[in-house]
Amino acid sequence: MHKKDILTSGKTASSRRIVIMPQFIADMLKDFRRMNLYSSDRIFDFSSATLNNKLARCAETAGVKRIRIHDLRHSHASMLIKAGFQPIDVADRLGHSNANITLKVYSHFYDTKRYELANKLNDLH
């Protein structure tokens, strides 16, 4: 049985976007592309199952909890929130159609901001 890749354009209009990446990531991708042994035009010419298996092996080797590929998206969102980016910025980065979706999914990450706000008000007093 031969498996076939299915490439889609994204679930929603907001998921089809240009994501600006830091230069160090662009440089890493260029290096990876130069080393890539595949003949495809795709940057990553392997299946999500292959990537999941590799991620599981790496987690086991490192002695950490296994995560899914999609969990990396949540890690990225939490990193942006903890770095102080506003919900609208995180929503744009993740391809959410509006910031309410971001707040619904990630509102628990903003809890520490409430304490920061109260402390800032104390400082201003």
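Computation of the quantities below employed the complete heavy-atom set of this structure, encompassing side-chain atoms and omitting hydrogens, waters and symmetry-equivalent molecules.
When all heavy atoms of V90 and A77 are compared, the closest pair comes out as CG1-CB, 4.3 Å. A pairwise comparison of heavy atoms in R73 and L94 identifies NH2-O, 2.8 Å as the closest pair. Considering every non-hydrogen atom in both S48 and I69, the closest pair reads O-CD1, 3.6 Å. Minimum heavy-atom separation, A91 to A99: CB-CA, 3.8 Å.
Using a 4.0 Å cut-off between a side-chain N of Lys or Arg and a carboxylate O of Asp or Glu, D123 and K120 do not qualify as a salt bridge.
The distance from atom CD1 of I67 to atom CG of L55, rounded to the nearest 0.5 Å, is 5.0 Å. Here the CG atom belonging to N119 is positioned 14.5 Å from the CZ atom belonging to R114, to the nearest 0.5 angstrom. The OG atom of S75 sits 10.5 Å away from atom NE2 of H70, with the distance rounded to the nearest 0.5 Å. For the atom pair R66 CZ and N52 CG, the distance stands at 6.5 Å (nearest 0.5 Å). How far NE2 of H108 is from CD1 of I81: 7.5 Å, rounded to the nearest 0.5 Å.
In terms of modelled atom types and a separation under 3.5 Å, the side chain of R33 and the main chain of D31 share no donor-acceptor contact.
Between H96 and T12 there is no side-chain heavy-atom pair separated by less than 4.5 Å.
Remark: the T50 side chain and the S47 side chain contain an N/O donor-acceptor pair separated by less than 3.5 Å.
Note: the hydrophobic cluster containing I88 does not contain M79 (ILVMFWY, side chain heavy atoms under 4.5 Å, direct or indirect links). Linking ILVMFWY residues whenever their side-chain heavy atoms come closer than 4.5 Å, directly or via other members, leaves L117 and Y115 in distinct clusters. Linking Ile, Leu, Val, Met, Phe, Trp and Tyr whenever their side-chain heavy atoms come within less than 4.5 Å puts L103 and L80 in one cluster.
More than 12 non-hydrogen atoms from other residues, nucleotides or ligands lie less than 6.0 angstrom from CG of L124. For CD1 of I20, the number of neighbouring non-hydrogen atoms (other residues, nucleotides, ligands) closer than 6.0 Å is 12 at most.
Ring orientation note: the planes of H74 and Y106 are tilted relative to one another, at an angle of 30° to 60°.
Sequence neighbours left out, the pairs with a member in residues 79-95 that pass side-chain hydrogen bond (donor to acceptor under 3.5 Å, both in side chains) are H76-R93.
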